[in-house]
Amino acid sequence: MTDELAERAIAILRENDRGIYTVPTKGLYPFQWNWDSCLTALGQRHFDEARAWTEIETLFAHQWPDGMVPHIVFHVYDDGYFPGPEVWSTGRPVATSGITQPAVAGFAVRRLWERATDRAAADARARALLPKVAAWHRWFFSHRDPGGEGLAAILHPWEAGRDNSIDWDEAFDRVPTDGIAPYTRRDTQHANPAHRPTKAQYDRYLWLVEHFRGLGWDNAKLHDASPFQVVDPGFNGILLRACADLAALAGALGDTGIADENRAFAERGLAAMEGLWSDAHGQYLCRDRTTGRLIDSASSGGLLAAFAAIPAARAGAIAGTVARLGREARYIVPSHDPADPRFEPARYWRGPVWLVVNYMIADGLRVAGQPAAADAITASSLDLIRESGFAEYYDPMTGEPLGGSTFTWTAAMVLEFLKG
Ligand code: GLC
């Protein structure tokens, strides 16, 4: 069974491979996505290590001069996706979007390097990526943390990768919708509209894109000009883990400058993360930077923070919360607490289980000395695969597969869960 699952996962990664990058799934997402690619490389390394490095190198070949790594690279024209390159209009040589996504590359590069079998190739390829990943980390702290609090804000829900999370609702209410150009969604032609974001949310996604485009995608201006600035513990947990991993990798490769800089980012950020902790929820919460207030929304973002080296007591509490969620839902980890009346088990990031999030929470909890919680998450993830196939996301109550199918990063995570 295990071998058969691994074979199916490899077949999906091959089927979605476009040579130097992998599409998340055919139809719904026909381009290269940032955090998808980095996590996909972790799956690819199990059957083609050289190809895994290429996946990340292709992404970084489209890094902006200011250091940002965009959330989508539009390698080839495809009108099956909206908003396409003409809406973003970022003026890049190969079209890209103008926002970023969770900075998981530093973690992925370290893991590829550490577990590589071709040492010489791994050293050379990691060494070449090192300054690029470091420039991206620097970009987060200069352009998304102008006040120097140690944590980066997202300026668009798509940057968190958890597009329509309940976390954004309150802050999103303040984003206007007037003046946006008429548009036709494409996602609802590929997937059930009841499992996707609403029109009210899409209008606001587009208002922000048009607003930033009007500012010429100048990252020196975007932060202060954005009505949406949220400090997400999941997004920052990934960034801080990546900083610590990059520091370790740079140290091993003899680049003390990058090592010291990233160790300092990680330490400062972890101290600041304490301000996001909620005893009442047993997890971290988002903070709305425009009001300074914590957002009362228990999503998986506040558990994902455990991917970083949070204090042991916090990791213990998060393990307890995961156990509680396991009593409320048949499959863990739901993207939102089922006890919250706003929970929607089938709507995208408002309830469903996502395997990439499971993988990162499990990894963090294992490192933090919480193997039982990590094992429970891994077991639940593999149950979903066996029962429902390689879907984009799953209903935590029924296990129903939702969104796209034969999904790339889901397949990659299965290989990691099985072969580690
Ligand atoms: C959706 C997800 C995002 C992911 C993308 C491609 O937009 O919310 O996290 O990167 O699909 O899979």
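Heavy-atom basis, side chains included; hydrogens, waters and symmetry copies ignored. First listed ligand is number 1; within each ligand, the first listed atom is number 1.
Judged by a 6.0 Å distance limit and a 45° cone about the ring axis, Arg268 is positioned over the six-membered ring of Phe141. Judged by a 6.0 Å distance limit and a 45° cone about the ring axis, Arg196 is positioned over the six-membered ring of Tyr348.
Contact check on Asp383 versus Arg386 returns a salt bridge, with a Lys/Arg side-chain nitrogen under 4.0 Å from an Asp/Glu carboxylate oxygen. Salt-bridge formation is detected for the pair Glu416/Arg45: a Lys NZ or Arg NE/NH1/NH2 atom is positioned less than 4.0 Å from an Asp or Glu carboxylate oxygen. Ionic pairing of Asp169 and Arg350 is present here: one or more N-O contacts between side-chain nitrogen and carboxylate oxygen are shorter than 4.0 angstrom.
For the side chain to side chain contact (heavy atoms under 4.5 Å, CB included) test, residues two or more places apart in sequence or in another chain that qualify with Ala41 are Gln44, Ala52, Glu55, Ile56, Leu112.
Protein neighbours of ligand 1 below 4.0 Å, counting non-hydrogen atoms: Pro24, Tyr29, Trp33, Trp35, Asp36, Gln101, Gly161, Asp163, Tyr348, Trp349, Phe407, Trp409.
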